Protein chains: 2
Amino acid sequence: MISKKTKYGLKALIYLARQYEQGPILISDLARDENIPKKFLETILLALKNSGILQSRKGKGGGYYLGRSPRQITVGQAIRVMEGPLAPVPCVSETAYAKCTECGNENTCGIRLVMKDVRDAIAQIVDNTTLADVLERIGQAELAEKNVVDFSI
Amino acid sequence: MISKKTKYGLKALIYLARQYEQGPILISDLARDENIPKKFLETILLALKNSGILQSRKGKGGGYYLGRSPRQITVGQAIRVMEGPLAPVPCVSETAYAKCTECGNENTCGIRLVMKDVRDAIAQIVDNTTLADVLERIGQAELAEKNVVDFSI
DNA sequence: TTTAAAATCTACTAAATCTGTAGACTAACA
DNA sequence: TGTTAGTCTACAGATTTAGTAGATTTTAAA
């Protein structure tokens with residue numbers, strides 16, 4: 001299960017993607033609209049900024065905004081910032097490889113063989129899903145729901 | 001990342017699968033051979049037993065053994081016992097559905113749409129990989145490594 | 001029927017991680 | 001130079017992880 005931190009971060013990114021190129025957004029507004037504790041959100045946005053996904057401006061008229069277009073930010077990049085590596089075991093991580101402490105021979109570890117496949121399957125999805133893709137899917141889902149409601153009336 | 005508990009549990013299952021139908025195996029032997037803290041292993045094996053994956057016999061000549069053939073035990077079943085549901089968010093879990101506390105409309109939640117795909121991709125792998133499959137892959141990997149060693153001599 | 005072996009149950013505990021909070025500080029704009 | 005808004009430092013409660021200790025129950029064999 002992903003942490004609340006990751007959920008909040010993804011919500012924030014989707015929120016900012018919706019308002020791409022409309023100037024900096026206030027943490028306060030984001031926290032209020034998405035029901036995220038403000039102080040907690042601060043630390044999350046800061047991490048996303050330090051990773052290059054977000055940019056910010058201080059002072060009056062300041063706030064946070066996407067560092068690049070929603071087409072160029074993937075869900076995978078964001079998850080790695082907030083949750084850490086995608087890999088279920090460190091020895092199959094592409095971005096943060098580490099030897100498993102309890103593992104003997106890495107080449108013949110059965111757990112590793114399976115988890116490598118799992119990691120690749122997860123990466124295949126999240127590294128090929130951009131914020132723009134997410135917005136599009138939300139739009140389709142909202143349309144589909146609207147039709148269901150219209151039909152049921 | 002999966003917990004040590006899950007890793008230990010999978011190691012234990014692979015160990016027991018290797019010795020399927022050779023009588024009960026002692027916790028002590030398993031703990032020693034796989035370098036798992038014995039007391040911790042006890043709780044893990046008990047959980048696997050309570051879920052039906054393992055069976056046990058008490059007293060002299062007792063120990064743990066697979067409750068069914070290695071062909072009929074999947075990695076997914078085992079992971080769910082030790083780690084909980086595969087789903088990254090509770091609202092897409094097939095085996096332990098729960099509404100996300102912070103989620104408004106489930107049908108149009110962008111995070112949910114992506115995480116549903118992730119869950120399905122993970123399940124596709126681990127629910128179709130049996131302990132027998134793992135043993136087979138380990139065998140192949142050992143063979144491959146042996147050939148590399150032979151060649152390099 | 002006693003004894004020894006082995007799983008099971010109850011009850012802790014230390015450390016790490018998660019989910020925040022408080023308050024001072026810095027930068028930018030008017 | 002005052003106000004706004006992000007940034008930094010530090011802490012704290014709750015939960016989860018990774019164990020440990022010791023008593024109890026069950027079973028097989030002597």
Side-chain angles (χ1 to χ4, degrees), chain A residues 1-12 16 23-67 79 81-85 88-90 98 100-102, chain B residues 1-12 16 23-32 34-67 79 81-85 88-90 100-102:
Chain A
M1 294 275 177
I2 62 176
S3 61
K4 286 201 172 187
K5 182 177 175 183
T6 299
K7 273 193 210 175
Y8 290 157
L10 290 173
K11 281 195 173 196
L16 293 175
I25 306 294
L26 296 184
I27 296 180
S28 316
D29 290 350
L30 215 171
R32 176 181 21 84
D33 292 352
E34 295 292 337
N35 270 293
I36 304 173
K38 192 190 161 198
K39 274 290 183 180
F40 196 18
L41 182 58
E42 283 180 16
T43 68
I44 297 167
L45 295 180
L46 196 54
L48 286 167
K49 186 204 161 185
N50 290 334
S51 79
I53 293 176
L54 293 182
Q55 290 186 7
S56 70
R57 191 153 51 203
K58 282 182 170 183
K60 198 160 194 172
Y64 277 97
Y65 50 98
L66 298 188
I79 290 178
V81 169
M82 294 168 299
E83 194 76 18
V89 285
C100 288
T101 48
E102 58 280 318
Chain B
M1 294 274 178
I2 61 176
S3 61
K4 286 201 172 189
K5 182 178 175 182
T6 299
K7 272 193 211 176
Y8 291 157
L10 290 173
K11 280 194 175 200
L16 293 174
I25 306 294
L26 296 185
I27 295 180
S28 317
D29 290 350
L30 216 172
R32 177 179 22 83
E34 295 291 336
N35 271 294
I36 304 172
K38 192 190 161 197
K39 275 291 184 181
F40 195 18
L41 182 57
E42 282 180 14
T43 68
I44 298 167
L45 295 180
L46 197 54
L48 286 167
K49 186 205 160 182
N50 290 335
S51 79
I53 293 176
L54 292 183
Q55 291 186 5
S56 69
R57 190 154 52 202
K58 280 183 171 183
K60 199 160 195 173
Y64 276 97
Y65 50 99
L66 298 189
I79 290 178
V81 170
M82 295 168 298
E83 195 76 18
V89 286
C100 288
T101 48
E102 58 281 317

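Please read these numbers as outputs of a predicted model, since none were measured by experiment. By convention in this document, chain letters (A, B, ...) are assigned in the order of the sequence lines, proteins followed by strands, and residues within each chain are numbered from 1.
For A:Ser3, the side-chain contact (heavy atoms from CB on, under 4.5 Å) partners at least two apart in sequence or on another chain are A:Lys5, A:Thr6, A:Glu83. A:Asp33 meets the salt bridge (Lys or Arg N to Asp or Glu O under 4.0 Å) test with no other residue; sequence neighbours excluded. Here B:Glu34 pairs with nothing under the salt bridge (Lys or Arg N to Asp or Glu O under 4.0 Å) rule; sequence neighbours left out. Annotation: side-chain contact (heavy atoms from CB on, under 4.5 Å) contacts of B:Asp29 (sequence neighbours excluded): B:Tyr15, B:Leu26, B:Arg32.
In this structure, B:Ile44 CD1 and B:Lys4 NZ are separated by 11.0 Å, a value rounded to the nearest 0.5 Å.
Taking atom CD1 on A:Ile36 and atom P on C:dT19, their separation rounds to 13 Å, with Å as the unit. In this structure, A:Phe40 places its CZ atom 11 Å from C1' of C:dT21, rounding to the nearest Å. Atom P of nucleotide C:dT19 and atom NZ of A:Lys11 are separated by 14 Å, given to the nearest angstrom. The CG-P distance, from B:Leu45 to C:dC9, rounds to 13 Å in whole Å. If you take CE of B:Met82 and C1' of D:dT16, they are 17 Å apart, rounded to a whole angstrom. Atoms CG (A:Leu30) and P (D:dA5) sit 14 Å apart, rounded to a whole Å. With rounding to whole Å, B:Leu54 atom CG is found 16 Å from C:dA6 atom C1'. B:Lys4 places its NZ atom 20 Å from the P atom of D:dT16, with the value rounded to the nearest Å.
Taking the nucleotide of DNA chain D with the nearest heavy atom to each of A:Lys49 and A:Thr43, the more 5' of the two is matched to A:Lys49.
Within the nucleic acid shown, A:Ile44 has no heavy atom closer than 4.0 Å to any nucleic acid atom. Counting any heavy atom pair closer than 4.0 Å across all strands shown, A:Ile27 reaches sugar-phosphate atoms only and no base atom. Within the nucleic acid shown, A:Leu26 comes within 4.0 Å of sugar-phosphate atoms alone, with no base atom in reach, counting heavy atoms only. Within 4.0 Å of B:Ile25, counting heavy atoms only, lie sugar-phosphate atoms of the nucleic acid but no base atom.
A heavy-atom distance below 4.5 Å is found between the side chains of A:Ile2 and A:Lys7.
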Open item on the list: Generate the contact string for nucleotides 22-30 of chain C. Rules: B means base contact, S means sugar-phosphate contact only, - means no protein heavy atom under 4.0 Å.
Closed with: BB--BSBS-
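Here D:dG19 is the nucleotide among D:dA18, D:dG19, D:dG6 with the atom lying nearest to any side-chain atom of B:Tyr8.
Screening residues 42-67 of chain B for salt bridge (Lys or Arg N to Asp or Glu O under 4.0 Å), with sequence neighbours left out, gives B:Lys39-B:Glu42.
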